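Since this is a predicted model, take the numbers as computed values, not measurements.
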Amino acid sequence: MPNAIASPTHFKIGNDIRVNRLGFGAMRITGKGVWGPPADVVGALATLRRLPELGVEFIDTADSYGPNTSEELIREALHPYDGLLIATKGGLARHGPDIWKVLGRSEYLRQCVLMSLRRLGVERIDLWQLHRVDNAVSLAEQFGVIADMRAEGLIRHVGLSEVGIREIEAAQKFFPVATVQNRYNLVDRQSEDVLDYCAANGIGFIPWFPLAAGALVGPGSVLNEIATRRDATAGQIALAWLLKRSPVMLPIPGTSSVKHLEENVAAAGIALSDAEFAELDRQGRAVGG
């Protein structure tokens with residue numbers, strides 16, 4: 001039976017919350033355009049309830065997924081979250097399917113946190129992440145209200161999403177940055193410098209869109225050859241590569257299917273050789289430019 005515990009190591013978020021490194025992203029348990037409920041609510045709930053059985057301890061969501069839908073389903077399926085870390089995000093307003101508006105005003109960020117607390121049924125959010133930095137609002141206003149909410153005990157640890165090193169260092173003047181969530185996968189390496197910075201500073205790195213492999217998937221590709229040799233899928237090999245890439249890497253593949261979830265979790269048991277890792281790394285960089 002696949003189990004996330006097979007992941008090479010664990011990671012301590014904020015240096016105190018220990019989780020298996022292969023987590024779950026809860027964006028896909030919503031409707032088309034990340035809007036409204038999923039087409040199969042029963043299936044989505046079953047997928048969520050399967051997570052702790054498979055050793056998945058880290059679940060990433062956001063108030064904007066639905067909006068609200070993802071958090072509400074997580075509470076219905078998993079509350080009171082024994083042994084689980086439920087991380088959520090705020091700072092994006094939703095005006096319709098596939099429409100996302102950055103909103104970093106201090107009063108809105110406070111509302112995001114307070115409403116997520118209500119929906120998730122908790123008194124404190126163990127990891128709350130700023131979904132995007134709002135360039136129309138000063139960093140001091142955004143980071144200042146987050147620091148205030150952390151001091152008030154509403155937030156335990158703080159993360160940032162889609163940021164560079166400059167934003168991380170600016171935020172650290174207000175609070176310790178526990179995690180960074182940027183787009184990263186075999187072929188998308190634009191955040192390579194941020195990943196290296198996180199590794200050097202003990203910051204968890206959460207790659208979103210982790211299964212993308214682009215032109216690496218195809219007949220005769222190294223990715224497919226390794227997958228065939230290991231009786232695995234290309235997606236599983238892509239996840240295994242991420243887990244080997246850095247000890248601070250916390251992949252969060254998402255799905256609303258129990259079968260697909262079990263397939264993803266099985267990637268934690270695949271230990272790529274150094275030669276396999278290096279060849280995938282080389283080809284990924286070449287394809288991604």
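Within the 3.5 Å criterion, the main-chain N or O of Thr61 finds a donor-acceptor partner in the side chain of Lys89. Looking at Glu57, its side chain never comes within 3.5 Å of a backbone N or O of Gly83 through a donor-acceptor pair. In this structure, Asn224 contributes its side chain and Ala234 its backbone to no donor-acceptor pair below 3.5 Å. Judged by distance alone, with hydrogens and angles left aside, the side-chain atoms of Tyr81 form no donor-acceptor pair with the main-chain N or O of Val122 at under 3.5 Å. Remark: side-chain polar atoms of Asn20 are not paired, donor with acceptor, to backbone N or O of Leu22 under 3.5 angstrom. Although no hydrogens or angles enter the test, the distance criterion places a donor-acceptor pair under 3.5 Å between the side chain of Thr47 and the main chain of Ser256. Side-chain atoms of His79 come within 3.5 Å of backbone N or O of Gly121 as a donor-acceptor pair. Looking at Arg230, its side chain does come within 3.5 Å of a backbone N or O of Ala271 through a donor-acceptor pair. In this structure a side-chain-to-backbone donor-acceptor pair under 3.5 Å is missing from Glu141 to Ser138. Gln142 contributes no side-chain N or O that, together with a main-chain N or O of Val133, makes up a donor-acceptor pair within less than 3.5 Å.
With values rounded to the nearest 0.5 angstrom, Phe209 atom CZ is found 12.5 Å from Ile252 atom CD1. Taking CG of Asn68 as the reference point, atom CG of Leu73 lies at 11.0 Å (rounded to 0.5 Å). With rounding to the nearest 0.5 angstrom, the CZ atom of Arg75 is 11.0 Å from the CZ atom of Arg119. Within the model, atoms CG of Leu127 and CD1 of Ile155 stand 9.5 Å from one another, a figure rounded to the nearest 0.5 Å. Taking CG from Leu250 and OG1 from Thr179, the interatomic distance works out to 8.0 Å, rounded to the nearest 0.5 Å. Put simply, CZ on Arg189 and CG on Asp193 are 13.0 Å apart, with the number rounded to the nearest 0.5 Å.
Smallest separation of non-hydrogen atoms from Leu243 and Ala268: CD1-CA, 4.0 Å. The heavy-atom pair separating Pro52 from Leu48 by the smallest distance is CD-O, 3.6 Å. Here the closest non-hydrogen pair linking Gly91 and Cys112 is N-SG, 3.7 Å.
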### Task
Show your reasoning for whether side-chain contact (heavy atoms from CB on, under 4.5 Å) applies to Asn264 and Phe24.
CA-CA 9 Å; Asn264 288 339; Phe24 177 78; over 6 Å; no
#### Entry: side-chain contact (heavy atoms from CB on, under 4.5 Å) between Val56 and Arg50, intermediate numbers included
CA-CA 9 Å; Val56 176; Arg50 190 78 174 104; over 6 Å; no
### Residues Phe143, Leu160; criterion side-chain contact (heavy atoms from CB on, under 4.5 Å); working and verdict
CA-CA 10 Å; Phe143 296 157; Leu160 304 173; 4.1 Å; yes
### Task
Give the intermediate values and the outcome of side-chain contact (heavy atoms from CB on, under 4.5 Å) for residues Ile206 and Gln129.
CA-CA 11 Å; Ile206 306 167; Gln129 304 155 92; 3.7 Å; yes
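Residues Val34 and Met115 fall into different hydrophobic clusters, defined by Ile, Leu, Val, Met, Phe, Trp and Tyr side chains chained together at heavy-atom separations under 4.5 Å. There is a path of hydrophobic side-chain contacts, each under 4.5 Å, that joins Leu114 to Trp128.
In summary, the side chains of Gln172 and Asn201 do not present any donor paired with an acceptor at a separation below 3.5 Å, with no hydrogens or angles considered. If you check the side chains of His157 and Asp16, you find a donor sitting under 3.5 Å from an acceptor.
Contact check on Asp134 versus Arg132 returns no salt bridge, with no Lys/Arg side-chain nitrogen under 4.0 Å from an Asp/Glu carboxylate oxygen. Using a 4.0 Å cut-off between charged nitrogen and carboxylate oxygen, Asp196 and Arg245 count as a salt-bridge pair. In this structure, Glu279 pairs ionically with Arg282, as a charged nitrogen and a carboxylate oxygen lie closer than 4.0 Å.
Using the six-membered ring where Trp is involved, Tyr65 and Trp100 have ring planes that are perpendicular, over 60° apart on the 30 and 60° scheme. Between Tyr184 and Phe205, the two ring planes are perpendicular [angle over 60°; tilted spans 30° to 60°].
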